[in-house]
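Read the structure below first, then the notes.
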Amino acid sequence: MTVYANLVIGLDGSTSAEGRSAKLSSDTDRKRFHQLRERADVIFIGGETARREPYGKTPVPLVIVSNFTEIKEISENKNAVIINKDPQSALQIAIEKYGPNVLIEGGPNLLLNLIKFVDELYITIANRYGDGQIVSFDGLTREFIMEEMEKIEGEIFYRFIRER
């Protein structure tokens with residue numbers, strides 16, 4: 001079983017610009033994002049991410065943890081399932097139902113809630129500023145070891161693994 005998470009962060013620590021992470025993301029970041037999806041049995045997000053980001057179609061099942069039973073923005077996605085439970089319980093259900101390789105693409109609140117279950121953490125530091133929620137890079141990575149770091153066109157791509 002591998003639970004891994006992907007997050008893009010602006011130079012100011014923000015996780016979005018104009019309400020979407022895609023506004024911080026570059027072509028290189030999106031390419032890496034899609035490579036991570038190729039390993040996933042299931043993608044795991046929160047309700048707010050489902051409403052703000054383009055999840056109308058996904059290559060694998062999409063589990064949305066939400067208090068709502070319907071989210072119109074993902075209504076066209078035949079792979080989408082909403083689970084009305086706490087994030088930890090929903091993660092366990094996703095693993096049992098869809099498979100052991102879970103990619104968390106949710107925002108910072110969901111990720112922070114599930115960080116103790118994450119085995120691999122992928123973070124891109126974008127070369128632009130955002131205007132969304134601010135996260136602490138050190139706070140996110142404190143229980144991880146940096147395995148890889150690559151600089152490309154002003155961006156930094158990190159891969160962390162859980163410290164055992």
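Worth knowing before you read on, the calculation uses all heavy atoms, side chains too, and leaves out hydrogens, waters and symmetry mates.
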Whether the side chain of [X] engages the backbone of [Y] through a donor-acceptor N/O pair (distance < 3.5 Å, no angle test) should be reported.
{"X": "R159", "Y": "E120", "answer": "no"}
{"X": "R128", "Y": "G10", "answer": "no"}
{"X": "N67", "Y": "N84", "answer": "no"}
{"X": "N6", "Y": "L103", "answer": "no"}
{"X": "T58", "Y": "P61", "answer": "no"}
{"X": "S25", "Y": "A22", "answer": "no"}

Under a single-linkage definition using a 4.5 Å side-chain heavy-atom cutoff for Ile, Leu, Val, Met, Phe, Trp and Tyr, are L36 and I123 assigned to the same hydrophobic cluster?
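No; tracing contacts between hydrophobic side chains, which count when under 4.5 Å, never links both residues.
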Could you see if V63 belongs to whatever hydrophobic cluster contains F117? Use Ile, Leu, Val, Met, Phe, Trp, Tyr and a side-chain cutoff under 4.5 Å.
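They do share one cluster, since a chain of ILVMFWY contacts under 4.5 Å joins V63 to F117.
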Please lay out, stage by stage, how E150 and R32 fare under the test salt bridge (Lys or Arg N to Asp or Glu O under 4.0 Å).
CA-CA 12 Å; E150 184 177 13; R32 289 172 184 255; 2.4 Å; yes
Does the cation-pi check pass for R39 over Y4, that is, NZ or CZ under 6.0 Å from the six-membered ring centre and within 45° of its axis?
yes
Option passing side-chain contact (heavy atoms from CB on, under 4.5 Å) with F33 (candidates R37, K31, Q35):
R37
Between K57 and E76, does at least one N-O distance fall below 4.0 Å, as a salt bridge requires?
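No, K57 and E76 are not salt-bridged.
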Parallel, tilted or perpendicular: which describes the rings of F137 and Y158, with under 30° parallel and over 60° perpendicular?
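Judged by the thresholds at 30° and 60°, the geometry between F137 and Y158 is tilted.
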